[in-house]
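Residue numbers start at 1 and run along the sequence shown. Just so you know, these numbers use all the heavy atoms, side chains as well, and skip hydrogens, waters and symmetry mates. Atoms within a ligand are numbered from 1 in the order they appear, just like the ligands themselves.
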Amino acid sequence: MIQIEHLYKNFGPTQVLKDINLRIEQGDVVAILGPSGTGKSTLLRCLNYLVTPTSGIITVGDVRVDAQKYRKQDVLALRKHLAMVFQNYNLFRNMTALENVAEALITVHRRPKSEAMETALKLLQKVGMEERKDFYPSKLSGGQQQRVAIARALAVNPDVILFDEPTSALDPELVGEVLRVMQELAREGSTMLVVTHEIGFARSVASRVLFMDGGEIAADGRPDEILDHPKQERIRQFLNIME
Ligand code: ADP
Ligand code: MG
């Protein structure tokens, strides 16, 4: 589903991603853990070219994009396969929950408005938000906003959903409702890459855990291998701090 080959990203003189190589299969739920500043967000952003890689090749489905020689339409094609959920929801403030979810269907996919609204309503039902469909983001809790953001990500029917710390901005009591929606997506077979500090989620929902450190993938394996029997001292230290 996704292949990353020799991905590098520098910001000026700083090398943030160093030769990342990764294959992700359809249906994989990959939890990406690691200290802050190690390049986790940059990795997700390079996948959809929100950040342009310095070098490397990214393949998603049948689209292959080489950072050294690519066309604009390759990037647009790549983005069709991917949707992203951010820490701060990034909903449109001047649109209701329903309009937020329908927006890309109308403007990007050129669906008739009535059909887009119908699809959006089904997706709001899926995340348990249909009763608040006409609420503006400012009238919703963080957890509710994030569930709307997940419905919006699903609207374009992506092959892979990228989550960048989806629960990090939430009050503790609101984390569970968002993780439950994500768990349900995983159960349905969605392919997901999730940057998270929720070790419990990684343990119980992920099929695979990556540990990033210093711009590299320091460990890659099943949750029990990485979380219960970590080989490296730096992973043990990280888990001690988190748990
Ligand atoms: P993480 O998500 O693991 O916390 P990031 O990918 O956000 O890490 O950042 C990795 C490193 O890259 C950090 O040192 C950060 O300061 C730097 N960085 C990220 N984005 C930019 C940018 N747009 N310009 C310059 N430096 C950046
Ligand atoms: Mg980050």
For ligand 1, what N or O to protein N or O distances fall under 3.5 Å?
| unit_1 | atom_1 | unit_2 | atom_2 | d |
| --- | --- | --- | --- | --- |
| ligand 1 | 2 (O) | Ser41 | N | 2.9 |
| ligand 1 | 2 (O) | Ser41 | OG | 2.9 |
| ligand 1 | 3 (O) | Thr38 | N | 3.1 |
| ligand 1 | 3 (O) | Thr38 | OG1 | 3.4 |
| ligand 1 | 3 (O) | Gly39 | N | 3.1 |
| ligand 1 | 3 (O) | Lys40 | N | 2.9 |
| ligand 1 | 3 (O) | Lys40 | NZ | 2.8 |
| ligand 1 | 4 (O) | Gly37 | N | 2.7 |
| ligand 1 | 6 (O) | Thr42 | N | 2.9 |
| ligand 1 | 6 (O) | Thr42 | OG1 | 2.5 |
| ligand 1 | 8 (O) | Gly39 | N | 3.2 |

Are Glu130 and Lys133 close enough for a salt bridge, meaning some N to O gap below 4.0 Å? no
Is the closest side-chain heavy-atom distance between Val101 and Val148 below 4.5 Å? yes
Can you pull the salt bridge (Lys or Arg N to Asp or Glu O under 4.0 Å) pairs that have at least one residue in residues 58-81, sequence neighbours excluded? Glu5-Arg64, Asp66-Lys69, Arg71-Asp74
Test salt bridge (charged side-chain N to carboxylate O under 4.0 Å, His left out) on Arg187 and Glu184 and set out the steps. CA-CA 5 Å; Arg187 203 188 55 78; Glu184 178 64 15; 2.9 Å; yes
Any N/O/S of Thr42 under 2.8 Å from the Mg ion (ligand 2)? no
Rounded to the nearest 0.5 angstrom, the CG-CG distance for Leu210 and Asp220 is 5.0 Å
Test item: Val178 and Arg147 side chains (from C-beta on) under 4.5 Å apart, heavy atoms: yes
